[in-house]
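Written out below as structure tokens is the structure these notes cover.
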Amino acid sequence: MVDIDRITGAAKDLGGKVQGAVGDLTGSKSDSVEGRFREASGQAENLYGQAKDTVRHAAGQASSYADDAADYAEDAYERGGHYLRRGTREVSHQVAEYPLASLLVAGLVGFGLGLLVSASRD
């Protein structure tokens with residue numbers, strides 16, 4: 001959507017050009033100067049409207065990117081939960097199927113952690 005300042009600025013710019021040209025043709029310094037002033041004012045208002053449009057467009061894109069990031073984060077969270085539940089089921093299944101081997105692995109992991117902890121205290 002085009003900002004209203006751009007439209008009114010372009011109209012003032014055009015009106016100022018016409019008034020300045022008429023003032024130049026008729027030799028009226030006041031019309032010429034006033035026309036140039038209206039032209040500059042219109043250009044400034046048009047630039048202001050363009051800046052507002054640019055900010056509005058950038059804010060819209062940032063909002064879109066934030067929404068996409070939130071969607072990706074939610075999807076990653078859901079996938080992580082799914083993989084955690086799946087891994088828990090697999091470990092439970094392996095422990096139930098091979099209890100002695102699971103106990104041995106748990107003991108070795110505990111022993112290794114104990115070595116790491118005691119080595120860091122020395």
Side-chain angles (χ1 to χ4, degrees):
M1 179 176 173
V2 176
D3 190 78
I4 193 73
D5 291 320
R6 290 180 70 177
I7 296 169
T8 59
K12 284 181 185 178
D13 182 27
L14 180 62
K17 285 180 182 179
V18 169
Q19 185 178 8
V22 169
D24 289 344
L25 288 175
T26 61
S28 171
K29 280 200 176 258
S30 64
D31 280 341
S32 180
V33 169
E34 187 178 332
R36 299 294 181 249
F37 177 76
R38 284 181 58 197
E39 181 181 347
S41 173
Q43 288 175 353
E45 190 172 351
N46 189 354
L47 287 173
Y48 174 69
Q50 288 176 15
K52 282 174 37 179
D53 281 345
T54 301
V55 168
R56 191 177 302 121
H57 178 71
Q61 280 190 335
S63 175
S64 174
Y65 292 146
D67 290 344
D68 289 347
D71 290 342
Y72 289 136
E74 184 179 349
D75 187 41
Y77 179 76
E78 288 174 5
R79 283 185 186 188
H82 170 74
Y83 290 133
L84 177 64
R85 288 186 297 276
R86 185 175 168 192
T88 302
R89 280 194 306 268
E90 279 296 316
V91 168
S92 296
H93 176 70
Q94 291 296 322
V95 168
E97 193 168 329
Y98 305 104
L100 188 58
S102 300
L103 186 60
L104 182 61
V105 168
L108 289 174
V109 168
F111 182 73
L113 287 174
L115 287 176
L116 286 174
V117 170
S118 68
S120 66
R121 287 186 179 181
D122 292 335

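Only this structure's heavy atoms are used, side chains among them; waters, hydrogens and symmetry mates stay out.
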Option passing side chain to side chain contact (heavy atoms under 4.5 Å, CB included) with E45 (candidates D13, I4, T8):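 Result for side chain to side chain contact (heavy atoms under 4.5 Å, CB included) with E45: T8.
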
Option from H57, R56, Q50 for which side chain to side chain contact (heavy atoms under 4.5 Å, CB included) with D53 holds: R56

Backbone N/O of F37 and side chain of S41: donor-acceptor pair under 3.5 Å: no

G81 backbone acceptor or donor facing R85 side chain under 3.5 Å: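 Between the backbone of G81 and the side chain of R85 there is a qualifying donor-acceptor contact (under 3.5 Å).
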
Results of side chain to side chain contact (heavy atoms under 4.5 Å, CB included) for T26 - residues two or more places apart only: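 T26: side chain to side chain contact (heavy atoms under 4.5 Å, CB included) contacts with V22, S28.
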
Side chain to side chain contact (heavy atoms under 4.5 Å, CB included) against V95, all qualifying residues, sequence neighbours excluded: V91, S102

Reported OH-to-CD distance for the pair Y83 and E90, which is rounded to 0.5 angstrom: 13.5 Å

Separation between CG of L47 and NZ of K52, rounded to the nearest 0.5 Å: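 Between atom CG of L47 and atom NZ of K52 there are 13.0 Å.
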
Minimum heavy-atom distance R36-D24, with the two atoms named: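 Where R36 meets D24 most closely, the heavy atoms are NH2-OD2, 2.5 Å.
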
Closest non-hydrogen atom pair between P99 and A96, with its separation: CD-O, 3.8 Å

Listed once per pair and sorted, the salt bridge (Lys or Arg N to Asp or Glu O under 4.0 Å) pairs that draw on residues 62-73, sequence neighbours left out: none

E78 side chain near E74 side chain, heavy-atom distance below 4.5 Å: yes

CG (L108) with more than 12 external heavy atoms under 6.0 Å: yes

